[in-house]
Amino acid sequence: MTIRLFNTLTGRIEELSPADGKQFRMYACGPTVYDYGHIGNFRTFLQVDVLRRFLKLEGMTPLHVMNVTDVDDKIIRNAAAAGVPIGEYTPRFEKAFFEDLDVLAVETPEKVARATEHIPSMVALIEKLAAEDCAYRTEDGSWYFRIASFPEYGKLSKKDFSGITDGARVDVDEYDKDSARDFALWKAPKPGEYHWQTELGPGRPGWHIECSAMATEYLGDDFDLHAGGEDLMFPHHENEIAQSESASHKTFARHWFHVRFLLVEGRKMSKSEGNFYTLRDLLLKGYKASAIRMLLISVPYRQQLNFTFDGLAAETGAVERLRTFQQRVREAKTAATENATLAEETARSRKNFCEALANDLNTAEARAAIFDLVRAGNAAMDAGTMGAGNARGILEVLGDFDKIFAVLEDHDAEWTKFALQWAEREGRLSEASAEVVAQNSLTDEQIQALVDERTAAKKSRNFARADAIRNELAEKGIVLEDSKDGVRWKRK
RNA sequence: GCACCGGUGGCGAAGUGGCUAACGCGCUGGUCUGCAAAACCAGUAUUCGCCGGUUCAAUCCCGGCCCGGUGCUCCA
């Protein structure tokens with residue numbers, strides 16, 4: 001199937017295919033590991049995950065490179081405040097970041113590249129730029145990119161820089177608003193600052209050169225797609241293009257994929273608004289990992305997403321419905337004859353699902369296609385008209401759905417427990433909601449023992465005792481489900 | 001200020017120049033149950049921010065206005 005995706009560079013929806021016909025080479029800007037990731041960060045990583053998973057479903061092999069920025073102004077500042085070298089400051093946040101990706105079922109890219117481990121590539125690239133007369137050194141020993149040497153500057157973000165002054169420059173990542181100016185490639189160390197001793201002189205790399213150097217090292221001068229959050233379009237990605245194309249004289253990334261920001265309860269997420277949430281904040285509040293993934297995925301990437309707690313609760317229910325359905329199809333007694341209508345509906349669901357994703361990654365429609373199948377399947381099972389072939393077909397479609405959405409397997413309880421243990425280690429257990437703590441105050445074995453006692457009480461028609469146990473568990477957020485073949489329980 | 005995106009039922013949200021305006025949650029009714037819960041089924045927007053215009057026909061195209069958001073500065 002032809003995959004069509006919006007390309008920021010051309011402003012059009014275009015066909016997506018690997019240049020070499022087989023391996024899809026993509027680069028995605030990763031985290032700056034100076035703090036825990038927030039849900040806005042993860043929306044971007046999740047949408048890139050959906051993209052790479054869909055490429056795989058369509059038979060392509062991704063070669064996906066992601067950087068980890070482990071040296072920049074913020075890291076230097078925070079590490080100094082904590083009184084440790086940056087090399088001791090970043091590992092815990094990098095570790096936390098990858099743990100969070102696991103929680104959200106985000107696949108690990110084929111290659112993860114740390115900035116501090118690629119200094120020589122960056123130095124080589126800057127030397128190349130200097131040879132091309134696109135980079136120059138200043139009195140303090142820093143190196144800058146000469147924007148005036150790259151007439152196409154602004155082609156990604158559609159900005160007009162024709163009036164740019166040659167030689168105007170800024171030396172830090174964070175600076176006061178002025179005009180766009182030459183950006184730093186290499187920053188000379190301030191007194192006492194950590195630095196590398198290189199052919200360029202002592203210093204550390206600028207933020208933009210890192211991605212250019214590492215993308216080129218692993219993917220070559222030109223590759224299929226470059227991804228990131230919408231805010232990175234300018235200046236970060238614009239600068240990457242300027243550096244890379246000035247050095248290689250080739251088109252850097254053919255396709256640019258930008259994920260829109262999310263709002264929280266209708267407002268921009270910010271610490272001052274009090275609506276700033278890390279993944280771990282949400283787990284400690286009792287929201288399930290699968291619901292968070294589902295919510296952040298369900299709104300197409302080019303659309304602003306309004307993240308709300310009502311929405312999160314709704315997605316919990318939606319995931320539950322899908323899981324219950326899968327379980328029911330697996331265990332259903334099938335009819336002797338196949339249901340032609342149901343087979344048709346199953347095929348249509350699968351077709352709609354793929355077509356929706358192929359159409360600029362419309363996850364909302366893809367998801368709707370699966371719920372259509374849930375309804376049709378349940379109705380057929382109610383009527384006792386689902387054949388064994390029907391069941392196989394439905395499970396196959398659910399399997400494909402889950403290759404993208406990855407929410408059917410239930411790891412929620414273990415991730416919640418993981419977050420609680422982390423909070424305990426960090427002395428942050430007080431941030432957990434009372435309900436989450438209560439839910440995890442009993443072990444699975446203790447719960448099962450109570451459930452068994454209730455079943456026995458029911459059998460001897462001691463409903464008072466049975467109801468007392470049910471209430472006791474309910475108070476701890478544990479719900480029971482009576483069915484013909486026994487009792488199931490779960491943490492709500 | 002300049003540039004850009006969006007405003008669809010109680011909430012989240014898809015979509016289309018004319019056909020029943022998806023889907024999830026919620027709500028209401030039903031099936032099931034010792035009673036519940038869970039599960040399942042069914043119903044649930046004559047209407048798509050406001051005002052004009054184009055058109056035989058507009059929620060969808062054009063213009064203006066109002067509201068929310070984003071970029072222009074570190075940010076996913």
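In the text below, chain A, chain B and the rest are named by the order of the sequence lines, each starting its count at 1.
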How close do A:Gly229 and A:His258 get, heavy atom to heavy atom, and via which atoms? O-CD2, 3.5 Å

Stacking here means centres under 5.5 Å and planes under 30°; does A:Phe463 stack on B:G34? yes

With rounding to whole Å, what would you report as the distance between B:U31 and B:A37 at their C1' atoms? 15 Å

Under the salt bridge (charged side-chain N to carboxylate O under 4.0 Å, His left out) test, which residues partner A:Asp467, sequence neighbours left out? A:Arg470

With RNA chain B as reference, determine whether A:Gly266 or A:Met269 sits nearer its 5' end, using the nearest nucleotide of each. A:Gly266

Using the P atom as the reference point in each nucleotide, state the distance between B:C5 and B:C11 in Å, no decimals. 26 Å

Residues from residues 465-479 of chain A lying under 4.0 Å of RNA chain B - heavy atoms: A:Asp467, A:Arg470

Heavy atom of residues 94-102 of chain A under 4.0 Å from RNA chain B: which residues? none

Candidates B:U70, B:C41, B:G15 - which lies nearest the side chain of A:Phe261: B:U70

Could you give the distance separating B:C48 and B:C40 at their P atoms, to the nearest angstrom? 33 Å

Please determine, for the side chain of A:Ala368, which listed nucleotide (B:G34, B:C23, B:C75) has the closest atom? B:C23

Is any side-chain N or O of A:Arg323 closer than 4.0 Å to OP1 or OP2 of B:A38? no

If you measure from the P atom in B:A36 to the same atom in B:C60, how many Å do you get, rounded? 49 Å

Tell me every residue that passes side chain to side chain contact (heavy atoms under 4.5 Å, CB included) with A:Ala379, counting only those two or more places apart in sequence or in another chain. none

In whole angstrom, give the distance that lies between atom NE2 of A:His208 and atom P of B:U73. 11 Å

Picking from B:C35, B:U73, B:C41, the nucleotide nearest the side-chain atoms of A:Pro235 would be B:U73

Side chain to side chain contact (heavy atoms under 4.5 Å, CB included) partners of A:Ala388, counting only residues at least two apart: A:Thr334, A:Glu338, A:Arg392

Between B:G15 and B:A21, how far apart are the C1' atoms? Round to whole Å, please. 7 Å

Are any of A:Asn362's side-chain N or O atoms less than 4.0 Å away from OP1 or OP2 of B:G15? yes

Of the candidates B:A76, B:C72, B:G15, the side chain of A:Glu365 sits closest to B:G15

Taking N or O atoms only and anything under 3.5 Å, show me the protein contacts with nucleotides 4-12 of chain B, one pair per line.
unit_1	atom_1	unit_2	atom_2	d
B:C5	O2'	A:Arg260	NH1	3.1

With a 4.5 Å cut-off on side-chain heavy atoms, are A:Leu398 and A:Phe325 touching? yes

Parallel, tilted or perpendicular: which fits the ring planes of A:His226 and A:Tyr27, with parallel below 30° and perpendicular above 60°? tilted

On the ring face of A:Phe6, is A:Arg302 found with NZ or CZ under 6.0 Å from the centre and within 45° of the axis? yes

Using atom P in both nucleotides, what's the gap between B:C56 and B:C72 to the nearest angstrom? 45 Å

With distance as the sole criterion, do the side chain of A:Asp372 and the base of B:A22 form a donor-acceptor contact below 3.5 Å? no

Output field dot_bracket for RNA chain B (Watson-Crick or G-U, both distances under 3.5 Å, | for other-strand pairs) contains (((((((..(((.....[....)))((((((.......))))))....(((((..]....))))))))))))....

Rounding to the closest angstrom, what is the interatomic distance between B:C19 and B:A57 at atom C1'? 13 Å

Show the atom names and distances, to 0.1 Å, of all donor-acceptor pairs under 3.5 Å that link a side chain in residues 291-299 of chain A to residues at least two apart or in another chain.
unit_1	atom_1	unit_2	atom_2	d
A:Arg293	NE	A:Phe405	O	2.6
A:Arg293	NH1	A:Asp49	OD2	3.1
A:Arg293	NH1	A:Leu104	O	2.8
A:Arg293	NH1	A:Ala105	O	3.0
A:Arg293	NH2	A:Asp49	OD2	3.0
A:Arg293	NH2	A:Ile404	O	2.9
A:Ser298	OG	A:Met294	O	2.6
A:Ser298	OG	A:Arg367	NE	2.9

Could you walk me through whether A:Arg454 and A:Glu472 pass salt bridge (charged side-chain N to carboxylate O under 4.0 Å, His left out), step by step? CA-CA 11 Å; A:Arg454 170 173 171 270; A:Glu472 184 193 331; over 6 Å; no

Measure from NZ on A:Lys288 to C1' on B:C25 and round the result to the nearest Å. 15 Å

A:Asp402: partners by side chain to side chain contact (heavy atoms under 4.5 Å, CB included), with sequence neighbours left out: A:Val407, A:Leu408

Does B:U70 have its OP1 or OP2 closer than 4.0 Å to a side-chain nitrogen or oxygen of A:Lys268? yes

Which atom pairs, one a donor and one an acceptor, fall under 3.5 Å between side chains of residues 28-37 of chain A and the rest of the protein, sequence neighbours left out?
unit_1	atom_1	unit_2	atom_2	d
A:Tyr36	OH	A:Trp422	NE1	3.3

Using the P atom as the reference point in each nucleotide, state the distance between B:C25 and B:A38 in Å, no decimals. 13 Å

Sequence neighbours excluded, which residues qualify as side-chain hydrogen bond (donor to acceptor under 3.5 Å, both in side chains) partners of A:Glu94? A:Arg114

Set of residues satisfying side chain to side chain contact (heavy atoms under 4.5 Å, CB included) with respect to A:Ser460, sequence neighbours excluded: A:Asn462

If you compare every side-chain N and O of A:Arg375 against the phosphate oxygens of B:C23 (OP1, OP2), does one of them come in below 4.0 Å? yes

